[in-house]
Amino acid sequence: MIPLAHTLTVCWVALVFCFPAVLATDWIDYPSAGYATMTHYTLPENYIAACGCTADSTHYPTAAMSQMAYGSSTAYGPGCGRCFNLSLINTFTSDPPFYPPQDERSSVVVKVTDLCPLGGNGWCSATANKPNAGGAYINFDLAWPSSSISDNFFPSNDFGVWNISYQEVNCTQDWEGGKVAAALGSIPDGGSVCCPANPSGNDTCPSYSDANGIP
Ligand SMILES: *[C@@H]1O[C@H](CO)[C@@H](O)[C@H](O)[C@H]1NC(C)=O
Ligand SMILES: *[C@@H]1O[C@H](CO)[C@@H](O)[C@H](O)[C@H]1NC(C)=O
Ligand SMILES: *[C@@H]1O[C@H](CO)[C@@H](O)[C@H](O)[C@H]1NC(C)=O
Ligand SMILES: *[C@@H]1O[C@H](CO)[C@@H](O)[C@H](O)[C@H]1NC(C)=O
């Protein structure tokens, strides 16, 4: 808590410098369907990720969402719990690019349980004014391999960055864990978790970093 208290004090004393920093959290307002990029990362089974979704959520397809679309730099944000149908289109960092035939394009419905931070390998670094190197404003970092996703989900030996299409879907109806009580909701852990079973309209998570004055 000391670094946070220190930050708040600095903000309090120097409001002039604090306000621009707060206003600079310019979250990305993305459409419910469009193009994005997809990377993948290792999420150990039963791991509690940034949103604080239950351990059992990891038994089904999940992904981390790039920070400025996720809507928080820490803990939970408005992206938490949302479900998206992600469909592979092509690789573009491979040489040559790879375009699987239309009938061999995998798709998967994921639930967002984690934050993919700005920085790092750059794929999660899009801002409202600047897309990532794939021209996308959202990156989905798929938890893969996963016991819930077939090993041949990626149709070539190149597991680089994929250009994908995404569509927000109804978790209850379309996510594999959508009717499994143990996979839904958040762990009981004070105030820093938020993982709606099927966020829509008024039950999406607020931004933890905005609410706590964290840039
Ligand atoms: C992604 O796919 C769309 C639709 O085919 C295309 O317009 C776009 O240029 C592709 N982007 C990349 C980075 O390959
Ligand atoms: C999602 O699907 C469930 C089950 O089919 C349905 O009861 C619910 O109304 C849907 N929610 C929304 C927001 O469409
Ligand atoms: C996901 O997208 C694929 C490819 O467009 C489509 O075939 C599939 O029906 C979609 N799944 C859902 C649940 O929307
Ligand atoms: C959220 O929306 C639903 C349906 O639109 C409504 O029944 C419910 O009272 C709302 N909850 C809050 C906390 O506003």
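All ligand and atom numbering here is 1-based and tracks the order in the structure. The first residue in the sequence is number 1, and the count goes up from there. As a basis for the values below, the full set of heavy atoms in this structure was taken, side chains included, without hydrogen atoms, waters or symmetry mates.
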- Just do the disulfide bond (SG atoms under 2.5 Å apart) check on C80 and C195 with the steps written out, would you? CA-CA 6 Å; C80 288; C195 186; over 6 Å; no
**Request:** Give a yes-or-no answer on whether the side chains of Y47 and D114 include a donor-acceptor pair shorter than 3.5 Å.
**Result:** no
for atom 6 (C) of ligand 3, nearest protein heavy atom and its distance come out as N85 ND2, 4.2 Å
Atom 5 (O) of ligand 3: closest protein heavy atom, distance to 0.1 Å, is S87 OG, 3.9 Å
field: Residue pair W144 / I149, side-chain heavy-atom distance below 4.5 Å
entry: yes
Is the closest N or O pair between N170 and ligand 2 shorter than 3.5 Å?
yes
For atom 7 (O) of ligand 1, the closest protein heavy atom turns out to be Y35 CE1, 4.9 Å
Closest heavy-atom pair, T62 versus L142, reported as atoms and distance to 0.1 Å, is O-CD1, 3.7 Å
(message) I'd like to know if atom 14 (O) of ligand 3 has any protein heavy atom within a distance of less than 4.0 Å.
(response) yes
When F154, W162, F153 are each screened for ring-ring contact (aromatic ring centres under 6.0 Å, His included) with H40, the one that passes is F154
Nearest heavy atom to atom 11 (N) of ligand 1, choosing from N163, I164, I89, belongs to N163
Here the atoms of ligand 1 under 4.0 Å from any heavy atom belonging to N90 are 1 (C), 2 (O), 14 (O)
4.0 Å protein heavy-atom contact status of atom 9 (O) of ligand 2, strictly under: no
- Side-chain contact test, heavy atoms from C-beta onward, threshold under 4.5 Å: evaluate it for P199 versus C171 and give yes or no. yes
Taking only non-hydrogen atoms of G134 and a 4.0 Å limit, the atoms of ligand 1 in range are 13 (C)
Report task. Using only heavy-atom distances, determine whether the side chains of T37 and N132 contain a donor-acceptor pair under 3.5 Å. Result -> yes
Quick note on ligand 3: atoms under 4.0 Å from a heavy atom of D174 include exactly 13 (C)
Atom 4 (C) of ligand 2 has as its nearest protein heavy atom T172 CG2, 4.0 Å
query = Given the side-chain rings of Y35 and Y166, with only the six-membered ring counted for Trp, is the space between their centroids under 6.0 Å?
reply = no
If we count only non-hydrogen protein atoms and require a distance under 4.0 Å, does atom 2 (O) of ligand 3 qualify as touching the protein?
yes
